[in-house]
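The chain is numbered in sequence order, starting from 1.
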Amino acid sequence: MTLLTTWPESGPETVVRRTADPAEITAALAPLGVRYEQWPVRDDIPADADSDAVFAAYRAEIDRLTGEEGFATVDVVALHPDDDDPGFAEKAKAAREKFLEEHTHDDDDEVRFFVAGSGIFYLHVAGEVHAVLCERGDLLGVPKGTTHWFDMGTRPAFTAIRFFHEEDGWIGTFTGSRIARRFPDFDTITAGGAA
């Protein structure tokens, strides 16, 4: 279930907003300049589909968004549990830690569409923290310069299409803030422990 939870930046003791209604999520994020959409879910695309299959399935949506926004690069990123890979736990931990600290993107928006699985974008804007749990079918566009972090959980499982205006791809500028450690993480929120 897609979910938006908002707290004051002082901490998660008080919930300002908690909603799973897509229209309410869109309305709450729009004043922040954040784009939220739901695209059709393609049931014939397996969670571990390769890039070619993902591009083929979502070609119309990719072309529309690229035309509207002028993206230079579009790619597919995926990470799914692999119990046959003895190095998966370490690979997952390293991938997760890369995005867990608050950062911005100075030259590009961060736009992701979830083909499968889920992840949480935490937006730190105007004295509040907005945790947006994105799941299959959700597109989120975080404007450049917005302080945020991303959590995929301790056992990541997702496939996402990434859109970039810049050909260099993902480049983060870390703020040095430890704010991310004060808020419920992916595992806590998805287990229902952040109400």
Under the 3.5 angstrom rule, does the side chain of [X] hit a backbone N or O of [Y] as a donor-acceptor pair?
X    : Y    : result
H105 : T147 : no
T146 : V142 : no
D108 : H165 : yes
S177 : I179 : yes

If you define the side chain from C-beta out and look only at heavy atoms, does anything of [X] sit under 4.5 Å from [Y]?
X    : Y    : result
V129 : L123 : no
E90  : F88  : no
E13  : P8   : no

Discussion item. Quick one, E69 with R35, criterion side chain to side chain contact (heavy atoms under 4.5 Å, CB included). Give me CA distance, side-chain angles, the key distance, then yes/no.
Written reply: CA-CA 12 Å; E69 298 289 333; R35 180 182 199 140; 2.7 Å; yes
Worksheet entry | side chain to side chain contact (heavy atoms under 4.5 Å, CB included) partner of Q38, chosen from T2, L139, T26 |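 That would be T2.
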Discussion item. Taking side-chain hydrogen bond (donor to acceptor under 3.5 Å, both in side chains) as the cut-off, I'd like each qualifying pair that reaches into residues 124-135, sequence neighbours left out, listed once.
Written reply: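 Non-adjacent pairs meeting side-chain hydrogen bond (donor to acceptor under 3.5 Å, both in side chains): T6-H130, E9-H124, E102-H124.
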Item to complete: Show the numbers, then the answer: is there a side chain to side chain contact (heavy atoms under 4.5 Å, CB included) between I120 and V132?
Response: CA-CA 5 Å; I120 299 178; V132 187; 5.7 Å; no
Single-linkage hydrophobic cluster, 4.5 Å side-chain cutoff, [X] and [Y] together:
X    : Y    : answer
F113 : I62  : yes
V54  : F114 : no
V111 : V77  : no
F164 : V115 : no
F121 : W39  : no

How far does [atom1] of [X] sit from [atom2] of [Y], to the nearest 0.5 angstrom?
X    : Y    : atom1 : atom2 : value
H148 : L140 : NE2   : CG    : 9.5 Å
D52  : D50  : CG    : CG    : 5.0 Å
R59  : E61  : CZ    : CD    : 10.5 Å
L3   : I25  : CG    : CD1   : 6.5 Å
T190 : M1   : OG1   : CE    : 10.5 Å
L4   : L133 : CG    : CG    : 10.0 Å

Discussion item. Tell me every residue that passes ring-ring contact (aromatic ring centres under 6.0 Å, His included) with Y36, counting only those two or more places apart in sequence or in another chain.
Written reply: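 Not a single residue meets the ring-ring contact (aromatic ring centres under 6.0 Å, His included) criterion with Y36.
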Practice prompt. Compute both the distance and the angle, then confirm whether R42 meets the cation-pi test with Y58: under 6.0 Å from the six-membered ring centre, within 45 degrees of the axis.
Written response: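 Yes; both conditions hold, so R42 lies above the ring face of Y58.
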Taking [X] first and then [Y], would you say they form a salt bridge - that is, a charged N and a carboxylate O separated by under 4.0 Å?
X    : Y    : answer
R96  : D151 : yes
R64  : E37  : yes
R181 : E101 : yes
R112 : E110 : yes

Practice prompt. Carefully, step by step, assess D185 and T188 under the rule side chain to side chain donor-acceptor pair (under 3.5 Å).
Written response: CA-CA 5 Å; D185 65 8; T188 302; 2.8 Å; yes
If you compare all heavy atoms of [X] against all heavy atoms of [Y], which two are closest, and at what distance to 0.1 Å?
X    : Y    : answer
M152 : A95  : CE-O, 3.6 Å
V76  : S51  : CB-OG, 3.5 Å
P184 : P12  : CD-CB, 3.7 Å
A92  : L79  : CA-CD2, 4.2 Å
V34  : P143 : CG2-CD, 3.9 Å
T104 : G145 : CG2-O, 3.8 Å

Item to complete: Take C134 and F158 through the side chain to side chain contact (heavy atoms under 4.5 Å, CB included) test and state the conclusion after the steps.
Response: CA-CA 10 Å; C134 294; F158 68 90; over 6 Å; no
Item to complete: For side chain to side chain contact (heavy atoms under 4.5 Å, CB included), just list the numbers for D109 and F163, CA-CA rounded to whole Å, side-chain angles, deciding distance to a tenth of an Å, and then say yes or no.
Response: CA-CA 8 Å; D109 300 336; F163 297 83; over 6 Å; no
Worksheet entry | Close aromatic pair by centroid cut-off 6.0 Å: F183 and W7 |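 Distance test on ring centres: under 6.0 Å, yes.
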Practice prompt. Mind telling me whether Y122 and W149 have parallel, tilted or perpendicular rings, with 30° and 60° as the class edges?
Written response: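 Rings of W149 and Y122: parallel, as their planes differ by under 30°.
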